[in-house]
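I have placed the structure first, in the form of structure tokens, so that the comments after it can refer back to it.
Given the structure is predicted, the values throughout are model-derived calculations rather than measurements. Values reported hereafter were calculated over all heavy atoms of this structure, with side chains retained and with hydrogens, waters and symmetry mates removed. Quick note: residue numbers are just sequence positions, from 1. Counting starts at 1 for both ligands and their atoms, in listed order.
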Amino acid sequence: MSGRTPLVAANWKMHKTVGETEDFLDRFIGEIGDLEAVEIVICPPYTSLSAAVERCRRSPIRVAAQNMHEAEQGAYTGEVSAGMLLDIGVQGVVLGHSERRQYFNETDEALARKVAVALERGLEPILCVGESEAERDAGETEAVLRRQIEADLDGVAAEDLARVVIAYEPIWAIGTGRTATPEQAEEAIAFIRSQLAGIDAGAAEAVRILYGGSVKPGNAAELLGREQIDGALVGGASLDPADFLAICEAAKP
Ligand code: 13P
């Protein structure tokens, strides 16, 4: 037993209108029953955040955004700040998802600022890291993870580290149906934890490190049963309330 509370997050990416968000949550919240032992976070697109916050108000589910800008306000067309998210009751934010790094030029420098601002403002950051298939094949997985962790957490004070959630998402496993084996996921996560121990050994033991990449009801139990894997960041399978519930159930300690 690690003593860390499992956390399962639904990254809906660019899916679900307001109506679809409400339908999902009405069905999902009606079914969660005795899942107090698992923390659940829903990350809808910006347009559905308010509706999700409203629907989750009397439930233990937290709502997080999928990105934010590091500035408080300013001439940044199309961007949203931490203050704006807090204003509507959002409690967390996914940062550095590989799709944002790949398609929107998200840099480690910007991420370091975003993580710092999220912590300063009291939003729970879910920081995504992970290697590409070419990097894994070249034996560079640990070097990539070390570089991302060092750069993205640059400036995070040791006393704040435990409030960061990290998601290990190997890019080759995202949306491909190709899941990392529990051994591969656990090995990478243990490596990430060893890197965090360089910042603060106690906090490194407390940080939740999730696995993400083609998590489904059929493979969740073997992944989430591993000592080092503290939960999941789920894409495709989180769009269906029954599938997402089954994954949350599999995270029960
Ligand atoms: P899939 O679960 O669809 O592979 O997506 C994983 C992911 O990117 C979660 O952030």
Any donor-acceptor pair under 3.5 Å linking the side-chain atoms of [Y] with those of [X]?
| X | Y | answer |
| --- | --- | --- |
| S48 | T21 | yes |
| H97 | Q66 | no |
| Y168 | E131 | yes |

Tell me which protein heavy atom sits closest to atom 2 (O) of ligand 1, plus the residue, atom name and distance to 0.1 Å.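 Answer for atom 2 (O) of ligand 1: G235 N, 2.9 Å.
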[X] atom [atom1]: more than 12 heavy-atom contacts under 6.0 Å:
| X | atom1 | value |
| --- | --- | --- |
| Q73 | CD | no |
| E31 | CD | no |
| Q184 | CD | yes |

I'd like to check which ligand 1 atoms, numbered from 1 as shown, lie under 4.0 Å from a non-hydrogen atom of [X].
| X | value |
| --- | --- |
| S214 | 1 (P), 2 (O), 4 (O) |
| H97 | 7 (C), 8 (O), 9 (C), 10 (O) |
| N11 | 9 (C), 10 (O) |
| G236 | 1 (P), 2 (O), 3 (O) |
| E169 | 6 (C), 7 (C), 8 (O), 9 (C), 10 (O) |

Ignoring hydrogens, what is the shortest heavy-atom contact between V207 and R4? Give both atom names and the distance.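 Nearest heavy atoms, V207 then R4: O-CD, 3.3 Å.
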Any heavy atom of [X] closer to ligand 1 than 4.0 angstrom?
| X | answer |
| --- | --- |
| A237 | no |
| A167 | no |
| K13 | yes |

